[in-house]
Trainee: 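Shown below is the structure under consideration.
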Amino acid sequence: MKKRQLVFATHNKHKVEEVKSILGNAYEVLSLTDIDCHEDIVEDGDSFEANAAIKAKYVFDKYGLSCFAEDSGLVVPSLNGEPGIYSARYAGKHGDHEANIDKLLSNLENKEDRKAYFQSTIALISEKEVQIFEGQCHGTISESRLGSGGFGYDPVFVPVGYDNSFGELGSAIKNEISHRGKSMEKFIEFLKSN
Ligand code: ITT
C-alpha cells in the first residue's frame, strides 16, 4: 500500500528525524528540502502558534500542498520566558546552539529557580483550515552541559523524573516524554480520525 505523504515545513533536520521516528512507517515525511523549497521563511509572529501557522501557510500558499509546521522553544520563567520564540537565535545567529546554551547558562548563573519547559506547537493546514496541536515537557536547566546527544538545548535540559539531560537520555526516551512527542501524539490521533 502506498504511504500517505505529509509535508513538514521545516529546515531543521533534527526535527525531521524525530518526527519520522515518532510517526513510524505509516507516513512518508517530506521536508522543505525534499520539495525543493530553500527559502528562509520569515517567522515574525509573536507566539509559537503564530509562527507555526506562518510556516505552514507559506508552503500551502506557494506550493498548494497540505502541510504541517512546528514551532518550538525553551521557556524559562525566571528569565521572563526567555528564550521562548527566540530559542533558535537567542545569542544572535540562527541555529548557533553552542552560543545559545552559553547565553542561557550565563543568564541563569545567579538564579536559584532553574525550572524550564519546552513547548512544541504544530500547525496543520489543509484547504485554508488551520489546526493546532500542542505539547510541553517540564524540567530544569543543569549547571553545565551533560552529554552531547540530541540538538539545541538538549544537553542542558533535565526532564522532570530523570537525573540525566535529553543530551544523555537518547532518542527513544526523549521521543516518549518530549514536547514534540506529545504534540505529535495529538497530531497523529487527528490524522487517524480524518
Ligand atoms: P524550522 O523553523 O525550520 O522548523 P528551527 O530550528 O528554526 O527550524 P524553531 O524556529 O521552531 O525551529 O526553533 C526551535 C528552537 O528551539 C531550536 O532551534 C532549539 O534551539 C529549540 N528547541 C526546540 N525543540 C528542541 C528540542 O527538542 N531539543 C532542544 N532544543 C529544542
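Each ligand, and each atom within it, is numbered from 1 in the order the structure gives. Each residue takes its place number in the sequence, starting with 1.
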Trainee: Strictly under 4.0 angstrom, heavy-atom based: which residues surround ligand 1?
Mentor: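 The answer is Thr10, His11, Asn12, Lys15, Glu43, Lys55, Glu70, Asp71, Ser72, Gly73, Ser87, Ala88, His94, His97, Phe118, Phe151, Gly152, Tyr153, Asp154, Lys174, His179, Arg180, counting any residue whose heavy atom sits under 4.0 Å from ligand 1.
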
Trainee: I need the full list of salt bridge (Lys or Arg N to Asp or Glu O under 4.0 Å) pairs touching residues 137-162, with sequence neighbours left out, sorted by first then second residue.
Mentor: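 Sorted pair list: Glu98-Arg145, Asp102-Arg145, Asp154-Lys174.
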
Trainee: Should the pair Arg4-Glu28 be classified as a salt bridge under the 4.0 Å nitrogen-to-oxygen rule?
Mentor: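 Salt bridge: no.
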
Trainee: Could you please spell out the steps behind the side-chain hydrogen bond (donor to acceptor under 3.5 Å, both in side chains) verdict for Glu49 and Thr121?
Mentor: CA-CA 6 Å; Glu49 185 173 327; Thr121 303; over 6 Å; no

Trainee: Please confirm whether Lys103 makes a cation-pi placement over Tyr90, using NZ or CZ under 6.0 Å from the six-membered ring centre and within 45° of the ring normal.
Mentor: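 Relative to the ring axis of Tyr90, which defines the angle, Lys103 lies inside both limits.
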
Trainee: Hey, is Asp113 close enough to Lys111 for a salt bridge, meaning N to O under 4.0 Å?
Mentor: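 A salt bridge is absent here (no side-chain N lies under 4.0 Å from a carboxylate O).
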
Trainee: Taking Glu134 first and then Lys182, would you say they form a salt bridge - that is, a charged N and a carboxylate O separated by under 4.0 Å?
Mentor: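 Salt bridge flag = no for Lys182 with Glu134.
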
